Participant: 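Got a structure for you, questions after.
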Amino acid sequence: QVQLVESGGGLVQAGGSLRLSCAASGGTFSGYSMGWFRQAPGKEREFVALIRRGIGNTYYSGSVKGRFTISRDNAKNTVYLQMNSLKPEDTAVYYCAASLDYGMGSIVSWGQGTQVTVSP
């Protein structure tokens, strides 16, 4: 019973930065592992980043590691994705997700998505 709403997407030039936010309501936010996924037109949705519940260990896909940072503020019920050194291939709709387990194996809620477009 957790609802997720993403924000912060937009149009940026290659090399620029964006910070996405995902606000959660309902449920117990600290009890969820949170993740970010993205989907480009005609492609499958792919994993981007994970922040686990508890200690908050983070994991990233190889394509974004070193450029993106996932974080969470449990007091604000919000998870963030800081995206630096953006590339045109980062263009996609970005979704946040909440999972009951320590990974993304028990997703119970998805956000509506926010568009990120990176121009060359």
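Note that the coordinates shown come from a computational prediction; the quantities given were computed from them, not determined experimentally.
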Participant: Heavy atoms only: give me the nearest Y102-R53 pair and the separation to one decimal.
Facilitator: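 Minimum heavy-atom contact is CE1-NH2, 3.3 Å.
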
Participant: S99 side chain to S106 main-chain N or O, any donor-acceptor pair under 3.5 Å?
Facilitator: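 Yes, because the side chain of S99 sits within donor-acceptor range (under 3.5 Å) of the backbone of S106.
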
Participant: Quick one: pull up OG1 in T91 and CD in Q115 and give me the separation to the nearest 0.5 Å.
Facilitator: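 Rounded to the nearest 0.5 Å, the OG1-CD separation comes out at 7.5 Å.
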
Participant: Checking S109 side chain against A98 main chain: does a donor-acceptor pair fall under 3.5 Å?
Facilitator: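 Checking the backbone N and O of A98 against the side chain of S109, no donor-acceptor pair under 3.5 Å is found.
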
Participant: Give a yes or no on whether E89 atom CD has more than 12 heavy-atom contacts from other residues, nucleotides or ligands under 6.0 Å away.
Facilitator: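 Yes.
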
Participant: To the nearest 0.5 Å, what is the distance between CD on Q112 and SG on C96?
Facilitator: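 Here the rounded value is 7.5 Å.
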
Participant: Please report the closest heavy-atom contact between A40 and A92, naming both atoms and the distance.
Facilitator: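 Nearest pair, atom of A40 first, then A92: N-CB, 3.9 Å.
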
Participant: Considering non-hydrogen atoms only, spot the tightest contact between S17 and S85 and give its length.
Facilitator: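 Shortest heavy-atom contact: OG-N, 4.3 Å.
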
Participant: Could you pull out the closest heavy-atom pair between R72 and N74, with the gap in Å?
Facilitator: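 Result for this residue pair: NE-OD1, 2.9 Å.
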
Participant: Rounded to the nearest 0.5 Å, how far apart are CG of D90 and OG1 of T117?
Facilitator: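 So the CG of D90 and the OG1 of T117 are separated by 11.0 Å.
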
Participant: Taking V93 as the starting point, is it possible to reach I107 by hopping between hydrophobic residues whose side chains are less than 4.5 Å apart?
Facilitator: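 Same cluster: I107 reaches V93 through Ile, Leu, Val, Met, Phe, Trp or Tyr contacts under 4.5 Å.
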
Participant: Got a donor-acceptor contact below 3.5 angstrom from the S33 side chain to the D101 backbone?
Facilitator: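 Flag set: sc S33 to bb D101 pair under 3.5 Å.
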
Participant: To the nearest 0.5 angstrom, please state how far the CG atom of D73 sits from the OG atom of S30.
Facilitator: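 Between atom CG of D73 and atom OG of S30 there are 11.5 Å.
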
Participant: Is there a side-chain contact (heavy atoms from CB on, under 4.5 Å) between S21 and K76? Walk through the geometry before answering.
Facilitator: CA-CA 11 Å; S21 298; K76 295 182 178 180; over 6 Å; no

Participant: Looking at CZ of F37 and CH2 of W110, how far apart are the two atoms once the value is rounded to the nearest 0.5 Å?
Facilitator: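 Atom-to-atom, F37:CZ and W110:CH2 are 4.5 Å apart.
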
Participant: Taking all atoms of both residues into account, what is the closest heavy-atom pair of Y95 and E6, and its distance?
Facilitator: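 Y95 and E6 have their closest heavy atoms at CA-OE2, 3.2 Å.
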
Participant: To the nearest 0.5 Å, what is the distance between CZ (R38) and CZ (R45)?
Facilitator: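 R38 atom CZ to R45 atom CZ measures 13.0 Å (nearest 0.5 Å).
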
Participant: Apply the hydrophobic cluster definition, ILVMFWY joined by side-chain contacts under 4.5 Å directly or through others, and give me every member besides Y32.
Facilitator: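 Members alongside Y32: V2, L4, V12, L18, L20, F29, M34, W36, V48, I51, Y60, V64, F68, I70, V79, L81, M83, L86, Y94, L100, V108, V116, V118.
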
